[in-house]
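To start, the structure itself, in structure tokens.
In what follows, chains are A, B, ... by sequence order, proteins preceding strands, each numbered from 1. All values below come from the heavy atoms of this structure, side chains included, with hydrogens, waters and symmetry mates left out.
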2 protein chains.
Amino acid sequence: MVEHAQEALFRPVRAGNAFEETVERLMQSIRLGVVAPGERLPSERELATRLGVSRVTVREAIRSLQENDYVESRRGRYGGTFVNEVIPKPAPGKEFGDLHDVLTLRAVLETGAAEAAAGGSLGPAERRGLRARLEEASTSSLAEYRRKDSRLHLAIAEATGSASLTAAVAESRMRANELLDHIPLLEPNLAHSNAQHERIITSILDGDPATARQAMAEHLDGTASLLRGFLV
Amino acid sequence: MVEHAQEALFRPVRAGNAFEETVERLMQSIRLGVVAPGERLPSERELATRLGVSRVTVREAIRSLQENDYVESRRGRYGGTFVNEVIPKPAPGKEFGDLHDVLTLRAVLETGAAEAAAGGSLGPAERRGLRARLEEASTSSLAEYRRKDSRLHLAIAEATGSASLTAAVAESRMRANELLDHIPLLEPNLAHSNAQHERIITSILDGDPATARQAMAEHLDGTASLLRGFLV
DNA sequence: CTCCAAAGGTATGTCTACGAGCCATTGACG
DNA sequence: CGTCAATGGCTCGTAGACATACCTTTGGAG
């Protein structure tokens, strides 16, 4: 029997209760920029169906987001729950998990996604989407950079056509962002990052998996080094 | 708003109820060979703690495994729940999920794991473990090959030192195995597979990430082609 | 101006899962 | 040969999550 392997398989079956998990998901969709400020979340009934959770639980989760000013709800037809402009609490000051764990998984998933995206056949819509996200990220302000950056990286994962891979990247990015929220984001880094994004997307659109992978690896190494430096 | 990205983020928060999830985990530990036939599962109380689930739920899960002859329980000190030799139902005839989804995620995770394992610093215990799993797989019979193969691949993931990556590989392997259970496993494939394992492990032990990745990619391509052929 | 579809808001009974405790059994050790 | 620690077996009350149903608000369509 492999003692060590048990740790991976006999880990907790559920991350938290249904309420906490739901809050986490909605937070992800906001923090990763999937639903931008001013935009509307899906209706409570739709969320309940999509998330596989009762509407009561969805409402409790939304309520907790309201109390922290992340969203506002309006009644009536054409109402809904809307994302607010300001994100009040950038980081709840969480404990750093295993840094190596997060960075290793992120590197594996994202370099793999870049390679797979470049190796697959992209439709016109996906090509346009990638270019649009690249443009958004490169023209974004410092304040909203993290969100635009995440949207770009998520778009790359989506381009692989694997929903599981996309979900895994989203999850991994949330964990990485929790750490990144604790270190400064500087203009020079941002410019460098944009250049790297450019190279990654170009390689993907050109169908060059090897270059896409390498470019993504270099891109991730940058923040990985920063994190290792700041958080030691 | 990126419509497509919502599909990844607004997926169900929980795979099933606590009972089903627990059964699934215990099945994984048996099917992937983490707990071999004749060996004992952790005690009910320990499983309850590790899996973050009540002991009642653990017992219900174990009971359902008992009814399918996967395990037997003995009372008293030095008792416990033991894995049976024969696995009665190789495949419950499940529906094939998205083949592309499974194979893409598996390729990303496992090639990434091989590369990371080769790039990291391996302790003596881990090196011995890898060699032992390789030996086990190469000398195994056809009947137990799938299990020994999984243990080897899990050991590679463990060698990265990332628990999350190991867990992801385990999950991904279960999904892939469900598909592989529907296609024949032939002696020639097995010999070829063993040669590839040899090359993968050698590269990892030699600290050659590029070769490790490539060898793993070729290894996975084999079964991927088989699957695509058989399941179209 | 009226209607009504679609959204959020509320209430209730049911069922799952949990925690906590106790019982029954077993085999090694003194 | 008795003790006892650790295991599986069992019960019961509580809390979380559920499905379902209905109410209230809103603004565009007719």
Gap between atoms CD1 and P, on A:Ile62 and C:dT10 respectively (whole Å): 13 Å
Would you find a donor on one side and an acceptor on the other, under 3.5 Å apart, between the side chain of B:Arg127 and the backbone of B:Leu205? yes
Each nucleotide in nucleotides 21-30 of chain C should get exactly one letter: B, S or -. Can you fill that in based on protein heavy atoms under 4.0 Å? BB-BBBSS--
Hey, where on DNA chain D does chain B first and last touch, going 5' to 3'? Cut-off is any atom under 4.0 Å from a heavy atom. D:dA5 to D:dT11
Note, A:Leu154 side chain near A:Arg133 side chain (heavy atom, < 4.5 Å): no
May I ask you to say what A:Arg74 touches in the nucleic acid, namely base, sugar-phosphate or nothing, with a heavy-atom cut-off under 4.0 Å? sugar-phosphate
With a 4.0 Å limit, can you tell me whether A:Ser73 has a side-chain N or O closer than that to the phosphate oxygens OP1/OP2 of C:dA7? no
Hits for salt bridge (charged side-chain N to carboxylate O under 4.0 Å, His left out) against B:Glu171, two or more places apart or cross-chain, chain-then-number order -> none
Partners of A:Arg106 by salt bridge (charged side-chain N to carboxylate O under 4.0 Å, His left out), sequence neighbours excluded? none
Tell me, with the steps shown, if B:Leu109 and A:Leu109 meet side chain to side chain contact (heavy atoms under 4.5 Å, CB included). CA-CA 7 Å; B:Leu109 288 172; A:Leu109 289 173; 3.7 Å; yes
Residue mapping more 5' on DNA chain D - nearest nucleotide basis, A:Phe19 or B:Ser43: B:Ser43
Please, which pairs that meet ring-ring contact (aromatic ring centres under 6.0 Å, His included) have at least one residue in residues 121-168 of chain A, sequence neighbours excluded? A:His153-A:His197, A:His153-A:His219
Please give, in whole Å, the distance from C:dG8 P to A:Glu46 CD? 10 Å
If I take atom CD in residue B:Glu44 and atom P in nucleotide C:dA20, what distance separates them, rounded to the nearest angstrom? 17 Å
Whole angstrom is fine here: how far is it from CG in A:Leu41 over to P in C:dA7? 13 Å
Is the terminal nitrogen or CZ of B:Arg74 (NZ for Lys, CZ for Arg) located under 6.0 angstrom from the six-membered ring centre of B:Phe82 and within 45° of that ring's axis? yes
State whether the side chain of A:Thr166 and the backbone N or O of A:Ser162 hold a donor-acceptor pair below 3.5 Å, judged by distance alone. yes
Using heavy atoms to find the nearest nucleotide of DNA chain C for A:Val56 and B:Val53 separately, return the residue whose nucleotide is more 5′. A:Val56
Roughly, in whole Å, what's the span from CD in A:Glu72 to C1' in C:dA7? 16 Å
Nearest-Å distance, CD (B:Glu20) to C1' (C:dA17)? 13 Å
Under the ring-ring contact (aromatic ring centres under 6.0 Å, His included) rule, what pairs show up with a residue in residues 123-143 of chain B, not counting sequence neighbours? none
